[in-house]
Amino acid sequence: MEYNFREVEKKWQHYWAKKKTFKAENKSNKPKYYALDMFPYPSGAGLHVGHPLGYIASDIFARYKRLKGFNVLHPMGYDSFGLATEQYAIQTGQHPEITTKTNIARYREQLDKIGFSFDWDREVRTSNPDYYKWTQWIFIQLFNSWYNPETNKAENISTLIEKFCIGNLTCGEDRGEGWGDLNEMQQSDLLLEYRLAYLSNTMVNWCPQLGTVLANEEVKEGVSERGGYPVERKLMKQWSLRITAYADRLLSDLEGLDWTDSIKEAQRNWIGKSEGTSFKFKIQESDDTIEVFTTRPDTIFGVSFITLAPEHELVEKITTAEQIKVVKEYVMFAKNRSERDRMSDVKKITGVFTGGYVLHPFTGKQIPVWIGDYVLAGYGTGAVMAVPGHDTRDYAFAKHFGLDIIEVVAGGDLSKESYDAKDGKLMNSDFLNGLDVKDAIKKAIAIIEEKGLGKGKTNFRLRDAVFGRQRYWGEPIPVYYENGIPKVLDEKELPLLLPDVDKYLPTETGEPPLARATNWKYKGQFEYENSTMPGWAGSSWYFLRYMDAHNKNTFASKEAINYWQNVDLYIGGAEHSTGHLLYVRFWTKFLNDLGLLPFTEPAKKLINQGMILGRSLFFTRIESDSNTSTKHQIIISCDDFPKYYEPISNTFIGEYTKWHCPVEFADEKDRFYKKNLAALVDVYPMFKDIIAKETFIVNWKQDDKGEDYLLLKSEVEKMSKSKYNVVTPDIIIEQQGADCLRLYEMFLGPLELSKPWSTIGISGVSNFIRKLWRLYHNGGVFNVSTEAATKEELKTLHKTIKKIVHDIENFSFNTSVSNFMICVNELTEQKCNKREILEPLSIIIAPYAPHLAEELWFKLGHTDSVTYAQFPAHKEEYLVNDAFAYPVSFNGKTRFKMELPLTLGIKEIEHAAMDFEEVKKFLEGKSPKKIIVVHNKIINIVV
RNA sequence: GCCCAGUUGGCGGAAUUGGUAGACGCGCUGGUCUCAAACACCAGUAGGAAACUGUGCCGGUUCGACUCCGGCACUGGGUACCA
């Protein structure tokens, strides 16, 4: 009887669920291990073959750790608030909650079929009120906290009020009076400038099509990450989180983390720390000053103009009467440019002269003040001292407008380009002349500080995170407004439930959907905040909830947190490197500041699995003749391209276009058969429009059986529903089994590498499974002997154990599958069916192919699950060789092998080599210059 | 532009971290079994007739380089006027 994976896999999945095999206890004598996956957003498309890649890896590791005697927490849940579900709700009117439930059910079914060892009793869903109650609770803590720079941590807002009361802190230049003199509104406004969750007028990324603001990392190249809609800058009153308070700690704590360098580097770049100096230029004939930020104070004598951001507050003040018209026009132009426009013509230089001047602090010279949109309002002071000689952007601006370029650092050729390198001697720079750049920076700062012109300052690129979304399907922000003053709900009043609305669209007046909720008022009278939290809110702390998923009194009990600590292994996609991973680190540090967590980082080790790419297939079409009234759409096979191709002009005759063919309609040779046309149109109605047209001609080809087909063009791209290239794991599980899928996904290559999905090699893995099964069977009957194993058999087993342990601990799952194959090949060769070998083998393969392992374990006579067996240790004694076939090389080129006992010393090996016939032959009578012998490795003879 | 990762047979990929390049698997070729196919099994498979040549390209260090160093090219990902 061959291995019946369908029956076996079902049987054990049932067993695990019934016996709660993977239930993790919050108390145990065993050491703990927390293996976490980034939880999925349950979309309507279901799980595709890319999702399980990381899940399989972490599952193997979790199962391995159980076998090694650890108490393992390996949970799974759903990031179930989000835009896609809401867009679907808008289109169909179906409540997002229903869509979410359906999608989750489908995900769960798919996950179960792969045989993961999740403790499902701990499942979390971010859209469940039981869960988002605590997301809201954390928001309230953020609102009630400020960041004390003296203690370098978050503290309750009361300690700030105290400082105001005793006058240690002033209430701000424009307020002047003491805390007690401020009215309630003024006090509220003042505190909002310090709270970690705060309301303010900020420049936000507004996406009109989505009807909401977006965080910086949700905007890619000027369009929204989801949907690809244009984004513009807009000043809006918004909730934000003061992540910038943690910028320095987020940066410095990266050091101790076992994360990949590329992720750490991405975070460093995103945080963007830059150290420099800020100092003031006095405006001519005015008491006002313009403050600039620079990292190159050494180039102070190279300043030939000042550039302000169009939004800079002094623009109006400094502009002269003659210039007022052009300046106003320019500011309007800059404001109305969308983000994408601005980004797409970065090289286009725009700006205007204000007519105003500032005075150089050292030379007293007049310096013109310009406005340019290459200066960002949100960074530094929104003003730069332009040093065209030594800054590329300033140089371009100066060249474009014909402004002076002064050389102050020797070493470049300023007629061609600016010289930005921090290398060379200062010139034309008064007291800095002759100094190296490094020393000049020091001296310049010293003198600027001495003269009281400015001081050293650190800037971050990181912006505070906009936290409100003008959308429905998210956590309501637990805030109400009393006389226009924002106040948070009492903890006892949580959760603030998401109200029902008649439509999931903004109101006629442009208010967010929550404004549609009728009778939704705090205590029946105060307006609630009607924006909701962003998608990343719930995922910023979910790893904590798994520790104690059903706790009604707190987000997770102290005992649970103290036992589980932070995540030992976190696996997920690299696309979350600057979004999710920064926020979850931020929240962890914040909760640590409040004394609620005993650790400051969420995850000790992080691995990014590579993306599994899809292989898209395309119909290719040539539009025959664009001049005649009837255009013929000729669909051709891609290997017919040359017939329609004009090699001289490098173009197709007529217009060439392509469109996706759903991959499941093609055979393994990328052929689409005419007989499937009706089915294609049936499943994908959009093809009807294209194919049904009368002007549509298909150049079918014929295979050897005379059947009509088209050869499709293939390309590798991201797997997505819209590209018709999604492959779900379901078919593979149905045809080859879950263990096969698990092994195959690991066998594809290193976990971190991106690779296109292809099932071409899967038969090798499925053969391996059958071969392994056959070791334990003879003619279909279970047949394992108790005879003692031979030396060779023991060597095969122990060699394999050693390699597998090494591979797992280095997350090299692809090579461990190879090693299992080698092991099974050797044991088959040895005709081994000894229990002494096969029983340990069934344990070490259990993390990879758990269903198969359980079945073999059961057949070996065990009554409990293999999950908690003991992982065998390898014994070196079985691995010792007594001889080694030394490769003998001449000048580094390997020529032949020579078997010698390992007991021989270096000198003896040398002698043995010189006596060897083949060596003599290669030496041709010459004597060698040198012989290099590396014990157990190589013999190299230099001639 | 900048940052990161990568480049090895027809293909996915190995190489104990400086010591036999191409493990393992796919594919392909030939064979056994079969009326035939599937499955399974056996043999071969970097290129070259060979000497030899071969890990993206050029150079270096070394007895010895896929591995280390310098320079370059290409591919993929991230980021974008951050002063």
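Residue numbers begin at 1 in each chain, while the letters A, B, ... track the order of the sequences. Since the model is a prediction, treat every value here as computed from it, not as a measurement.
- Close placement of the Tyr744(A) and Trp757(A) rings is indicated, their centers lying within 6.0 Å of each other.
- Atom pair His935(A):NE2 and U16(B):P shows a separation of 20 Å (rounding to whole Å applied).
- The separation of A38(B) from A50(B), taken at their C1' atoms, amounts to 42 Å, rounded to a whole angstrom.
- Between C66(B) and G9(B), the two P atoms lie 14 Å apart (nearest whole Å).
- Nucleotides U16(B) and C24(B) are separated by 16 Å at their C1' atoms, to the nearest Å.
- Residue contacts for Val292(A): at a heavy-atom cut-off of 4.0 Å it reaches no nucleic acid atom on any strand shown.
- In this model, a donor atom of one side chain and an acceptor atom of the other lie less than 3.5 Å apart for Thr815(A) and Asp807(A).
- Closest to the side chain of Lys937(A), from the set G19(B), A40(B), U79(B), is G19(B).
- Side-chain contact check for Met746(A) versus Asn814(A): every heavy-atom pair is 4.5 Å or farther apart.
- Within the structure, every pair that satisfies the salt bridge (charged side-chain N to carboxylate O under 4.0 Å, His left out) test and touches residues 757-773 of chain A, not counting sequence neighbours, is listed here: Glu2(A)-Arg770(A).
- Nucleotides U29(B) and G10(B) have their C1' atoms positioned 13 Å apart, rounded to a whole Å.
- Checking A80(B), C24(B), A40(B) against the side-chain heavy atoms of Asn767(A) singles out A40(B) as nearest.
- Distance noted for atom C1' between U75(B) and A36(B): 47 Å (whole Å).
- As rounded to whole Å, 15 Å separates atom C1' of G13(B) from atom CH2 of Trp757(A).
- Looking only at atom types and distance, the side chain of Thr354(A) has no donor-acceptor partner in the side chain of Tyr330(A) under 3.5 Å away.
- Taken residue by residue, residues 808-824 of chain A places heavy atoms nearer than 4.0 Å to RNA chain B at Asn814(A), Thr815(A), Ser818(A), Met821(A), Ile822(A).
- At whole-Å resolution of the value, NE2 in His576(A) and C1' in G77(B) are 15 Å apart.
- Spacing between atom CH2 of Trp773(A) and atom P of C39(B) amounts to 21 Å, rounded to whole angstrom units.
- In this structure, Leu254(A) atom CG and C4(B) atom C1' are separated by 15 Å, rounded to whole Å.
- Under the salt bridge (Lys or Arg N to Asp or Glu O under 4.0 Å) criterion, Glu417(A) pairs with no residue, sequence neighbours left out.
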I'd like a table of atom pairs between the protein and nucleotides 44-52 of chain B - only N or O on both sides, under 3.5 Å - with the distance next to each one.
none

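- In RNA chain B, runs of at least 3 stacked Watson-Crick or G-U pairs (N1-N3 plus N6-O4 or O6-N4, or N1-O2 plus O6-N3, all under 3.5 Å) give these stems: B:1-7 with B:73-79, B:10-12 with B:24-26, B:27-32 with B:40-45, B:56-60 with B:68-72.
- Taking atom P in both U61(B) and G78(B), one finds a spacing of 40 Å when rounded to whole Å.
- Looking at the side chain of Lys897(A), the nearest of the listed nucleotides U20(B), C3(B), C41(B) is U20(B).
- Taking atom P on both nucleotides, U55(B) is separated from G60(B) by 15 Å, rounded to a whole Å.
- The glycosidic torsion of U75(B) lies more than 90° away from 0, placing the base in the anti range.
- Separating the CG atom of Leu753(A) from the P atom of U75(B) is a distance of 18 Å, rounded to the nearest angstrom.
- Taking side-chain N and O atoms only, Ser274(A) has a distance below 4.0 Å to OP1 or OP2 of A83(B).
- Remark on RNA chain B: of its neighbouring residues Glu829(A) and Val384(A), the 5'-side contact belongs to Glu829(A), judged by nearest-heavy-atom nucleotide.
- Side chains of Asn810(A) and Ser812(A): a donor-acceptor N/O pair is absent below 3.5 angstrom, by distance only.
- Checked against a 6.0 Å centroid threshold, the rings of His360(A) and Phe301(A) count as neighbours.
- Between the C1' atoms of A14(B) and C26(B), the separation comes to 15 Å (whole Å).
- Relative to the side chain of Ile938(A), the nucleotides U20(B), C3(B), C81(B) differ in distance, and U20(B) lies closest.
- Within the 4.5 Å cutoff, the side chain of Val888(A) has no heavy atoms near those of the Arg895(A) side chain.
- A side-chain donor-acceptor contact under 3.5 Å links Gln830(A) and Thr796(A).
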Can you pull every protein N or O that's under 3.5 Å from an N or O on nucleotides 61-63 of chain B?
unit_1, atom_1, unit_2, atom_2, d
C63(B), O2', Asn940(A), ND2, 3.2
C63(B), O2, Asn940(A), ND2, 2.5

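- Considering only side-chain atoms of Phe747(A), the nucleotide from A40(B), U20(B), G12(B) that sits closest is G12(B).
- Side-chain contact check for Cys740(A) versus Phe5(A): every heavy-atom pair is 4.5 Å or farther apart.
- The shortest distance between the side-chain N/O atoms of Asn825(A) and the OP1/OP2 oxygens of A23(B) is not below 4.0 Å.
- Other residues, nucleotides and ligands contribute more than 12 heavy atoms inside 6.0 Å of the NE2 atom of His935(A).
- Within 90° of 0 lies the glycosidic angle of G9(B), which makes this nucleotide syn.
- For Glu255(A), the CD atom counts as loosely surrounded, since its 6.0 Å shell holds 12 or fewer non-hydrogen atoms of other residues, nucleotides or ligands.
- Within the nucleic acid shown, Ser763(A) comes within 4.0 Å of sugar-phosphate atoms alone, with no base atom in reach, counting heavy atoms only.
- One interatomic measurement links the two molecules: CG of Asp420(A) to P of C2(B), which rounds to 12 Å at whole-angstrom precision.
- Distances from the side chain of Tyr379(A) to the nucleotides A21(B), A83(B), C3(B) place A83(B) closest.
- Side-chain rings of Phe305(A) and Phe397(A) approach one another, their centers coming within less than 6.0 Å.
- When distances are taken from the side chain of Lys755(A) to each of A83(B), C4(B), G13(B), the shortest belongs to G13(B).
- In this structure, the CD1 atom of Ile300(A) is 13 Å from the C1' atom of A83(B), given to the nearest Å.
- For Glu275(A) and Lys457(A), the salt-bridge test fails: no basic side-chain N is under 4.0 Å from an acidic carboxylate O.
- The side chain of Phe884(A) lies closest to U20(B) when the candidates are A83(B), G19(B), U20(B).
- Within the 4.5 Å cutoff, the side chain of Lys280(A) has no heavy atoms near those of the Ile290(A) side chain.
- Nucleic acid contact for Arg770(A): sugar-phosphate only, since backbone atoms but no base atoms lie under 4.0 Å from a heavy atom of the residue.
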(request) Would you sort out whether Ile769(A) and Gln736(A) count as a side chain to side chain contact (heavy atoms under 4.5 Å, CB included), showing the intermediate values? (result) CA-CA 10 Å; Ile769(A) 290 173; Gln736(A) 325 256 7; over 6 Å; no
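- Closest-nucleotide positions on RNA chain B for Met611(A) and Asn459(A) were compared, and the one nearer the 5' end corresponds to Met611(A).
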